[in-house]
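Have a look at the structure below, then the notes.
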Amino acid sequence: MQLDWQGKTLAGSIDVPAGATQGLLLLHGFTGNRLEFTYFFVELSRRLAERGIATFRFDFPGCGESDGEFADITLAQQALVTRFLLRELAARYPQLGWHLFGFSMGGRAAMLAAQELPVPLRSLSLAAPALNLASVVAQAAAQGESLPDGRSDFLGMEIGLALVNELTQLDPLAGLHTLRLPVLIVHGGADAAVPPQETLPLQAAIPHALREEWPGVDHTFSRRPWRMRLADRLAQWVELHAAE
């Protein structure tokens, strides 16, 4: 599936099982895409489809197969794109109740987007939301080769100053007290990229947030049993809040 956003083509993958009544939009992480690391999102989507839940995955601008430059990405832009996707998809699939899931940086974009929604959202779920994104991006930029205009070549992707400056100034907990929808946070206890203690403040910042820490699980849920467990937990969460 392709959608046009401000003159840019967004590349997406959708899976809508027959008779589905619930739709889940999945947001990928920093340097990721709609497949995610070792096809993480593909496996989630397939498992959710088996549970009768429609899934929608799009590459953010500058990522994967979507138009744009990686150097131009910001959280603010990704939140705008998320709201656009929810609005467009809800119009195309009016039979679905809508839910949002964000992984790592996608979790940050999801929390930001959920503060000003274009359509009713029944639930929000987050896996290892990167509250430490400022330090992650700064470290990646420092590891890369310095380029003109302050950019950095990190693994062939240019990190721009817009993202670095935005994260320096942005409070990751700002506005979260306004969220009035069910929020599930799942975090691996062995996550080295986003240490599990990073998401502890979310329980206090988000009204009625439910946080689960899974012992031994890493950042990308890199074992099949972990991924199947996450998919089943997401399905359970969506089904629990299907009527809200």
Side-chain angles (χ1 to χ4, degrees), residues 10 12-13 22-37 40-45 48 53-61 63-64 66 73-87 89 98-119 121-134 136-137 163 166-167 170 172-176 178-179 181-188 191 193-194 196 198-199 201-203 205-206 209-212 214 217 219-221 227 230-231 233-235 237-238 241:
L10 303 179
S13 300
Q22 306 301 312
L24 181 64
L25 175 61
L26 283 69
L27 306 183
H28 67 76
F30 180 60
T31 75
N33 55 57
R34 70 185 188 275
L35 306 182
E36 260 306 339
F37 183 72
F40 178 23
F41 273 20
V42 177
E43 295 197 54
L44 288 183
S45 293
L48 288 162
I53 296 170
T55 59
F56 302 80
R57 301 176 280 121
F58 283 82
D59 296 332
F60 280 120
C63 302
S66 289
I73 69 170
T74 64
L75 270 175
Q77 180 202 64
Q78 292 188 350
L80 285 174
V81 171
T82 300
R83 294 181 188 122
F84 163 78
L85 289 172
L86 286 170
R87 183 171 58 250
L89 293 170
W98 286 95
H99 307 258
L100 184 61
F101 167 76
F103 164 64
S104 197
M105 182 177 180
R108 290 285 300 274
M111 289 188 289
L112 197 57
Q115 294 175 37
E116 188 179 336
L117 289 167
V119 298
L121 199 64
R122 297 185 179 182
S123 77
L124 171 65
S125 47
L126 310 165
L131 267 71
N132 65 336
L133 189 60
V136 169
V137 171
L163 178 61
E166 175 193 52
L167 293 174
L170 187 63
L173 301 179
L176 296 183
T178 66
L179 296 180
L181 72 168
V183 179
L184 171 67
I185 304 155
V186 177
H187 207 150
D191 189 335
V194 181
E198 292 287 341
T199 55
L202 289 178
Q203 289 181 294
I206 302 174
L210 175 63
R211 180 182 179 277
E212 300 177 0
W214 295 358
V217 176
H219 185 62
T220 57
F221 295 77
R227 293 180 174 186
L230 179 61
R233 186 66 181 99
L234 292 176
W237 187 252
V238 167
H241 301 288

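It should be emphasised that the depicted structure is a prediction, and the values quoted were computed from it without experimental measurement.
With rounding to the nearest 0.5 angstrom, the CZ atom of F30 is 7.0 Å from the CG atom of L133. Here the CG atom belonging to L230 is positioned 8.5 Å from the CG atom belonging to L48, to the nearest 0.5 angstrom. With rounding to the nearest 0.5 angstrom, the CD atom of Q22 is 7.5 Å from the CD1 atom of I53. Here W214 contributes atom CH2 and H187 contributes atom NE2; the two are 12.0 Å apart, rounded to the nearest 0.5 Å. Note that the CG atom of L163 and the CD atom of Q78 stand 8.0 Å from one another [nearest 0.5 Å]. From S66, atom OG reaches atom CZ of R34 across 7.0 Å, with rounding to the nearest 0.5 Å.
Here the options are L176, L75, V183, the test is side-chain contact (heavy atoms from CB on, under 4.5 Å), and the partner is M111; only L176 passes. With D59 as the fixed residue, the side-chain contact (heavy atoms from CB on, under 4.5 Å) test singles out one of L35, N33, L10: N33.
Looking at heavy atoms from C-beta onward, L24 lies out of side-chain contact with W98 at the 4.5 angstrom threshold. Taking 4.5 Å as the limit, some side-chain heavy atom of L25 sits within range of a side-chain heavy atom of L85. In this structure, the side chains of P182 and W237 come closer than 4.5 Å at one or more pairs of heavy atoms. Within the 4.5 Å cutoff, no side-chain heavy atoms of Q77 are placed close to those of L80. Within the 4.5 Å cutoff, the side chain of P129 has heavy atoms near those of the I185 side chain. Using a 4.5 Å cut-off on side-chain heavy atoms (C-beta onward), M105 and H28 make no contact.
Of all heavy-atom pairs between S45 and L26, the closest is OG-CD2, 4.2 Å. Nearest heavy atom pair, residue R108 against residue A130, reads NH1-O, 3.0 Å. Here the closest heavy-atom approach between residue V194 and residue A128 is recorded as CG2-O, 4.1 Å. Across all their heavy atoms, G32 and C63 have their closest contact at O-CB, 3.7 Å. Between A110 and L126, the shortest heavy-atom contact is CB-CD2, 4.1 Å. Taking each heavy atom of A193 and V136 in turn, the nearest pair found is O-CG2, 4.1 Å.
E43 pairs by the side chain to side chain contact (heavy atoms under 4.5 Å, CB included) definition with R224, R227, M228, not counting sequence neighbours.
Of the charged side-chain nitrogens involved, none lies within less than 4.0 Å of a carboxylate oxygen, so that R57 and E36 do not count as a salt-bridged pair.
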Quiz item: Can you list the steps and then say if I206 with R211 is a side-chain contact (heavy atoms from CB on, under 4.5 Å)?
Solution: CA-CA 11 Å; I206 302 174; R211 180 182 179 277; over 6 Å; no

Quiz item: Under the side-chain contact (heavy atoms from CB on, under 4.5 Å) criterion, do F58 and L89 qualify, and how do the steps go?
Solution: CA-CA 11 Å; F58 283 82; L89 293 170; 4.1 Å; yes

Practice problem: Show your working on side chain to side chain donor-acceptor pair (under 3.5 Å) between H99 and S125 and close with a plain yes or no. | Solution: CA-CA 8 Å; H99 307 258; S125 47; over 6 Å; no

Quiz item: Please walk me through it: do L179 and Q115 pass side-chain contact (heavy atoms from CB on, under 4.5 Å)?
Solution: CA-CA 6 Å; L179 296 180; Q115 294 175 37; 3.9 Å; yes

Quiz prompt | Derivation of the side-chain contact (heavy atoms from CB on, under 4.5 Å) call for L44 and F101 | solution = CA-CA 11 Å; L44 288 183; F101 167 76; 4.1 Å; yes

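Counting heavy atoms of neighbouring residues, nucleotides and ligands inside a 6.0 Å radius, atom CZ of F37 does not exceed 12 of them. The environment of CD in E116 is sparse: at most 12 heavy-atom neighbours from other residues, nucleotides or ligands sit within 6.0 Å.
The aromatic rings of F103 and F41 lie perpendicular to each other, with more than 60° between the two planes, well past the 30° mark.
Remark: the backbone N or O of L181 is not paired with any side-chain donor or acceptor of H241 at under 3.5 angstrom. Remark: side-chain polar atoms of T199 are not paired, donor with acceptor, to backbone N or O of L202 under 3.5 angstrom.
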